[in-house]
Amino acid sequence: MQVPSDRPTAAMKNPVIIGTFPATLGQLGHWRQLQEGGGAALNVSMRWRIDGAISDQAVSGAIAALVDRHEILRTCFHHTPEGNVIQQVLEQADCPPKFVDLRELPAEQADAELALLGQRETVKPFAFTDSQSPCPLMRALFVRTSDSSAVLQLTWHHLNMDGWSVGILIGEFGTIAAAIDSGQRAVLKSIDLHFGDYAMWQRDVLDGAALNHERDYWSRKLEGIRPFEVAPDHRVARGGNPGEIRSILLSKAVTDAFEAQARVRGHTMFSFGAAAAGAALHLMTGEQEVVIGTQMAGRADADAQAVVGPLLNTVLLRMPFADSSEFGTFADAARETIREAMEHQALPFEELRRILADTANFAVNFNLKRAYSDKERRSKSATSRFEIIPLSSHSAGALWDLNLFMIGREEGWRISCEGDAARFDSATIDCLLDTWRGVIEAAASQPDMVMAALQVDLPAGRSRKQSSALPTSMDSSPMPAINHRIEAVKSRILPLQAEGEKTAIHAINCASILYPVAREIGEDRPFYDLQICPYETQTNLPHRHFVDHARDVVEMIRLAQPKGPYVLFGLCVCGALAIEAARLLQEEGEEVPLVILNDTYRPGFREHLGFYDRNVRAWQVRWRTFQKLRARVQSGELSIAQWIDNYSVFRKLRVTALLTRLGILKGGEWQDALDHGSRWYFENVLLPSQANFEMQPYRGRVALFRSEDAGAGRLFPHDFAWNGFVDGTLEIIECPGTHDTMFRDAGAKVIAAHVRRILNESQR
């Protein structure tokens, strides 16, 4: 390939989208973490020392070439008004490196400045909006520390990067940069698969039966699992907290002996190291079962090994203990657990969370990798005048309570722990590392030791649970059984605003499109989103009465807030659900000071129209919809494929899939809108159940917000047919925006202002 020596760095005013793909389940998990406050902890920031001669032009050109070469580096993520997350590949994106020269500073001052720059770069979050990511999700920092040495730091987001991909990119960076400085052409393998192709493949696999065996395995394996954690020193919320990395370097003698024992017992270093980490966690906590997460490459298929993007997948390792067990026996059992997990690693972790709800969450993670010898760690091509040497990274933040990892270096294994600095004191992390080292040292010399013989010196104020072999009055009482259905329901209650002393608002299935509304209403009022769709992919569900769906909403409301008063919020058919749920709550003696409807017609209005009026109205709706969609296509907001997929008959016939296979549509344009997100649930489940529902009058206060594109005329009543059915106060308020965009900034301000006014009038 021909590598450009220079390129413009000005931001594009009108980016061209060349492909649209669904987000993978892993990316949806990272998007969820982002909404929950993951922040900079979701950064992937790596550093390398470059020894030798390399020009600024080569650095800029190599990074530009990488962005041009790999679609995932030109991808932005968009949360649609329907609540779906899609990824859009741009034709071009610019990532100009930031150059810093420290050569004139004294060595000690230069080192301090380099550390400060690196830490700032690591923890700087990417500038997401409420529904859109920036592009590219990549930054480059190049710091010259001497005439013959520099440090390159590349930062990505977990949405577009994993560790395997980093290795691919830094190898290509070296090849391209060397070619630029030597005036030659960089020879790189052609790319057969981009990440968008993988995303399409994953969705097809998840929609079929290919992973049913994986689902069955994990459902059996994790049945009855209990949350595991090391008790924190400070009970503060997880997510987005700074991390602290602390480490211990094992001696070369201990390293060699531990590796030798692993070989003798038929272990990999991963399984032997994970067993030692699990034993240390057991000794610290006294828990008789340790649960840790770990990441698999997700590249068993040879074609996937060259794909750049977040293919990494998480699996859970469940390790039962008995203090009377020998370490070797326990390690052998852990090896089998790990082997089975590797054989069943294809099921995305987010799918596992859906099956098992919160019981699939974990607080402790483990990983292991080798850096090999210093010589092997260096990357140098035949034409380059420089070498690339990996450096240790700064902590971007805590994704887990504790992240244990082992790195094999020439001088010995280094065991490290990145702890959530807001939840754990350094002394606790050091104690865990010291316990881990003690297990490794004992296993290296006497793997058949009884684990109860190992001693742990806990920090002051910490205690260890008693072994189940020596029950106390607390430990002997039976643990309450886990209600997996309730836990699954709880997992679909999303706090858009968790704090506040005023009456909470419970919105039905609007997801993060309501973040602007929650923000405008203010931090003094909790705001919950109730995700009523029970499955992420289309599922055949039995027909249920509309009131039954409303009772489901009431159950979710009470799980989020056991006692009233309650304020309910719903868009379209979910507004009707909100009214019926409010009526049920009133029957149970609860107070509902306000129900907020958004473009919601009274159930039964359309069904009670005469044959002629009903059909005329339907054709008017179709024509208006056609005009709006055509305008959005002409403006570039929608692709032709997305326009086609707005019609259910075409979705069910999979017309866009056929047109894609025939080459009429571009490969990245098609996405099955019915299967994606929860649209299928509203069209196939809720709307049919509402069709023949006879609503009883509602006694209470209702605010109805009308979007600008709400219909007008005899067949489209201004009050959405609610007059006469609201036995209380019905206030109709015009709202800027369309049915799909009324919750954006302008509409959010209007909705929030009126909601605050109405609730202040009732002092709620």
Side-chain angles (χ1 to χ4, degrees), residues 1-4 7 12 15-31 44 62-78 84-95 133-138 154 156-173 175-176 186-207 297-313 346 348 639 641-642 656-657 659-661 663-672 676:
M1 66 180 273
Q2 181 66 45
V3 178
R7 64 181 280 157
M12 294 175 294
V16 177
I17 298 171
I18 62 172
T20 300
F21 305 94
T24 65
L25 287 191
Q27 289 172 321
L28 290 176
H30 294 316
W31 190 274
V44 180
I63 290 172
L66 291 177
V67 175
D68 287 342
R69 177 173 164 81
H70 298 284
E71 288 185 354
I72 191 65
L73 301 182
R74 290 180 277 114
T75 295
C76 63
F77 296 83
H78 178 60
N84 303 323
V85 179
I86 59 173
Q87 44 188 330
Q88 298 173 323
V89 180
L90 305 187
E91 184 178 48
Q92 179 185 345
D94 294 304
C95 182
S133 79
C135 184
L137 282 169
M138 176 179 175
L154 299 177
W156 302 271
H157 195 278
H158 271 293
L159 279 167
N160 72 339
M161 194 54 50
D162 64 12
W164 184 291
S165 302
V166 171
I168 295 173
L169 292 177
I170 195 60
E172 292 183 355
F173 171 89
T175 300
I176 298 170
V187 180
L188 298 171
K189 292 182 179 179
S190 61
I191 297 178
D192 297 321
L193 289 174
H194 285 282
F195 188 78
D197 302 313
Y198 169 81
M200 297 291 288
W201 169 84
Q202 184 193 77
R203 190 186 61 180
D204 289 341
V205 169
L206 289 171
D207 285 347
R299 299 169 190 265
D301 191 315
D303 292 337
Q305 294 185 6
V307 175
V308 170
L311 272 66
L312 206 69
N313 190 34
S639 68
Q642 290 168 324
T656 46
L659 295 177
T660 300
R661 294 190 186 98
I664 298 173
L665 296 178
K666 294 181 180 179
E669 287 188 354
W670 170 62
Q671 61 171 337
D672 190 333
H676 196 67

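Quick note: residue numbers are just sequence positions, from 1.
Considering T75, L137, V308 as possible partners of N160, the one that fulfils the side-chain contact (heavy atoms from CB on, under 4.5 Å) test is L137.
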Carefully, step by step, assess F195 and H70 under the rule side chain to side chain contact (heavy atoms under 4.5 Å, CB included).
CA-CA 9 Å; F195 188 78; H70 298 284; over 6 Å; no
Test side chain to side chain contact (heavy atoms under 4.5 Å, CB included) applied to L193 and Y198, step by step:
CA-CA 7 Å; L193 289 174; Y198 169 81; over 6 Å; no
When you look at I17 and V89, which way does the side chain to side chain contact (heavy atoms under 4.5 Å, CB included) test go after all the steps?
CA-CA 6 Å; I17 298 171; V89 180; 6.0 Å; no
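Counting heavy atoms from C-beta on, the side chains of L154 and I63 come closer than 4.5 Å. In this structure, the side chains of R74 and I18 come closer than 4.5 Å at one or more pairs of heavy atoms. With contacts defined as side-chain heavy-atom distances shorter than 4.5 Å, the pair L169/W156 qualifies. Between V85 and Q27, every side-chain heavy-atom pair lies at or beyond the 4.5 Å cut-off. Looking at M161 and L73, their side chains come closer than 4.5 Å, going by heavy atoms from C-beta outward. Between F21 and M200, the closest side-chain pair of non-hydrogen atoms falls below 4.5 Å. Contact of the W31 side chain with the L159 side chain is registered, since non-hydrogen atoms from C-beta on lie closer than 4.5 Å. Side-chain contact between E91 and P15 is absent, with no heavy-atom pair separated by less than 4.5 Å.
D162 meets the salt bridge (Lys or Arg N to Asp or Glu O under 4.0 Å) test with R299; sequence neighbours excluded.
Remark: side-chain polar atoms of Q202 are paired, donor with acceptor, to backbone N or O of L25 under 3.5 angstrom. Put simply, the side chain of Q87 gets close to the backbone of P22: a donor and an acceptor are under 3.5 Å apart. No donor-acceptor pair closer than 3.5 Å links the side chain of W164 to the backbone N or O of L312.
The distance from the CD1 atom of I191 to the CG atom of D197 is 10.5 Å, given to the nearest 0.5 Å. Here the straight-line distance linking atom OG of S165 with atom CG of L311 works out to 7.0 Å at 0.5 Å rounding. Between the NZ atom of K189 and the OG1 atom of T175 there is a distance of 11.5 Å, given to the nearest 0.5 Å. R69 CZ to L188 CG: the interatomic distance, rounded to the nearest 0.5 Å, is 4.5 Å. Between the CG atom in N84 and the CG atom in L28 there is a gap of 9.0 Å [rounded to 0.5 Å].
N313 approaches P348 most closely through the heavy-atom pair OD1-CA, 3.6 Å. A pairwise comparison of heavy atoms in C76 and P134 identifies CB-O, 4.0 Å as the closest pair.
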